[in-house]
Novice: 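Input: one structure, supplied below.
Chain naming here is simple, since letters A, B, ... match the order of the sequence lines and numbering starts at 1 in each. As the structure is a computational prediction, the values presented were derived from the model and not from experiment.
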There are 2 protein chains.
Amino acid sequence: MTREVKKPEIRKNEILATAQRFFFDKGFESTSIQDIIDELGIAKGTFYHYFNSKTDLLDQLINSITDEMYSVLIPIVESDMTAIDKFNTMFREGSAFKMTNPEVFIIMLKVLFTDENTILRSKIYRKMVEKLTPMYAEIIKQGNEEGVFHVSMSPDDIAELLLQVGANLNETICRLMLRKDMTPKLLSHLIQTKIAVYQDTMENILHTPHGSIKFLQQGNTEDMVKIYFQQLTNAHSTDTDRLYQRGY
Amino acid sequence: MTREVKKPEIRKNEILATAQRFFFDKGFESTSIQDIIDELGIAKGTFYHYFNSKTDLLDQLINSITDEMYSVLIPIVESDMTAIDKFNTMFREGSAFKMTNPEVFIIMLKVLFTDENTILRSKIYRKMVEKLTPMYAEIIKQGNEEGVFHVSMSPDDIAELLLQVGANLNETICRLMLRKDMTPKLLSHLIQTKIAVYQDTMENILHTPHGSIKFLQQGNTEDMVKIYFQQLTNAHSTDTDRLYQRGY
DNA sequence: TTTCATAGACCGTCGGTCGGTCTATGGTAT
DNA sequence: ATACCATAGACCGACCGACGGTCTATGAAA
């Protein structure tokens, strides 16, 4: 084959980008190195020149994903909002189930929560918790100073705990959405309930007045679920489906 | 090879038992079907006569493990203890980091928290949460009636949340123990702190007086860590090590 | 001329399939 | 009661394609 030399940085990013597409499209285990190099028209050796192993690729990919997340969230922490506003905004921006791009979201949802993607999910979660803990700790300190939070224990420990709880909520909601036996009404009711439970819990942890923590308005959830179901019925015979089925 | 016919139930249990040993010994991905059938002296076909796939084997194994856990915990729920005693006893019995059998525990710890075992861990956690939620919900109801808990939301939702938080604590402690830069003193201090944070959180969630929830006494943690370090230094040149290294 | 990005043939291992064999069992004919 | 035989299903192991990963040769750029 004709030989094409590119700047290492560009090549590497191409590989990372293609890998991300494939992983979110058909899953980590189901994506073979061969898939990636065929798509890019490069050879095995080229791939292994840039990455030591498939796992190495995954790790670097997750690093770049969480880095981007970090850069999205850091302006919030550094803004002049109140602690409560920062807290709520962070959770809204950080949650996976936000509806900025429904079609992409649905594919991701369906693929990400497969057994074979447990590693990917869990690595993202861990890295996220690691990178975001200091940010949340800052917000907690700010809230304590403002007198709206009353956290007596180490802000870092509490931040970590809150992030874990947030991740649990996120996962719980995603799994609800993947259940087959759902109507829009039932789904949005269940989600509402879960959110209420977790918001309440976080308020208890932060010792902040009831109603302070608000990830989503009731209306938002319903809109979100509505869009989700529309997208879901569309997905049967469109590009989305083709993308999703490619692996089987 | 000579043909040996056994009762299906016995054969199947042999396979499950061997699989469990291998999975906890060298990991799920690192254990090949070949490993298992070689150990048992059976043929590939025999294995696939009983299990549809490697994943099927894992699922059935996890079912049997969580079933056993269930049968250990159900007497506690059905006993005549107070809600708080039940709650604390359940957590002590249910946590992975209990020290009944330190050498086995250390191997499990080291292997279980490998990347390649993420699936195994996460499946166990999910099945556990699923099976234990009703039990914890019962305890919460009892506590409400006794007037020691004041949970206003759905006991099932709260039970699920508490189990998730418990699992988070469990994992956090296990990861602390795996860190290389630890002295016994530092480790037991960090564990104490984490436990304090999570106990406090659970008390907040259950609205129960401070000090009600007590997974471990301070002394217990220190003993536990001491045993752990003894075992850890032993492990360098013994059977444990050989077992552990077998896969590499 | 040196350096290193690139190519692609090659390797061992893995999960899984398949055609077929052996054996325990229970109904049936004697 | 005993001998027979058909059936179910436990068991075998050669075989397969696909996978992750290695290695050496080679071409392009500096």
Novice: Applying ring pair (Phe, Tyr, Trp, His ring centres under 6.0 Å), name anything that partners B/F215, two or more places apart in sequence or on another chain.
Specialist: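 B/F91.
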Novice: Is the shortest side-chain heavy-atom distance between A/Y125 and A/Q164 below 4.5 Å?
Specialist: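 Counting from C-beta outward, A/Y125 and A/Q164 never come under 4.5 Å.
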Novice: Got a sec? Which of residues 53-64 of chain B come in under 4.0 Å of DNA chain D, heavy atoms?
Specialist: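 Of all residues in residues 53-64 of chain B, none places a heavy atom under 4.0 Å from DNA chain D.
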Novice: Would you say a side-chain N or O of B/Y50 is under 4.0 Å from OP1 or OP2 of D/dG9?
Specialist: no
Novice: Just to confirm, is there a sub-4.0 Å distance from OP1 or OP2 of C/dT6 to any side-chain nitrogen or oxygen of A/R11?
Specialist: yes
Novice: In whole angstroms, how far is the P atom of C/dC14 from the CD atom of B/Q34?
Specialist: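 Distance check: B/Q34 CD to C/dC14 P gives 8 Å.
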Novice: Counting only side-chain nitrogens and oxygens, does B/T46 get under 4.0 Å of the OP1 or OP2 atom of D/dA10?
Specialist: no
Novice: Does D/dA10 have OP1 or OP2 sitting under 4.0 Å from an N or O in the side chain of B/H49?
Specialist: yes
Novice: Whether B/E130 and B/R126 form a salt bridge (side-chain N of Lys/Arg under 4.0 Å from carboxylate O of Asp/Glu) is what I want to check.
Specialist: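 Answer for the salt bridge query: no.
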Novice: Does the side chain of A/T172 come under 3.5 Å of the side chain of A/K194 through a donor N or O and an acceptor N or O?
Specialist: no
Novice: Answer yes or no: does a side-chain N or O of A/S32 lie under 4.0 Å from OP1 or OP2 of D/dA18?
Specialist: no
Novice: Which heavy atom in A/T221 sits nearest to a heavy atom in A/I191, and how many Å separate them?
Specialist: CG2-CG2, 3.7 Å
Novice: Would you kindly say whether B/K26 and B/N117 are connected by a side-chain donor-acceptor distance under 3.5 Å?
Specialist: no
Novice: Testing the basics here: between B/E116 and B/S30, what is the closest heavy-atom pair and its distance to 0.1 Å?
Specialist: OE2-OG, 2.7 Å
Novice: Check the distance between D/dG20's P and A/F51's CZ and give it to me in whole angstrom.
Specialist: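 One finds 14 Å between P of D/dG20 and CZ of A/F51, rounded.
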Novice: Quick one: what's the B/S/- string for nucleotides 25-30 of chain D, heavy-atom cutoff under 4.0 Å, read 5' to 3'?
Specialist: -BB---
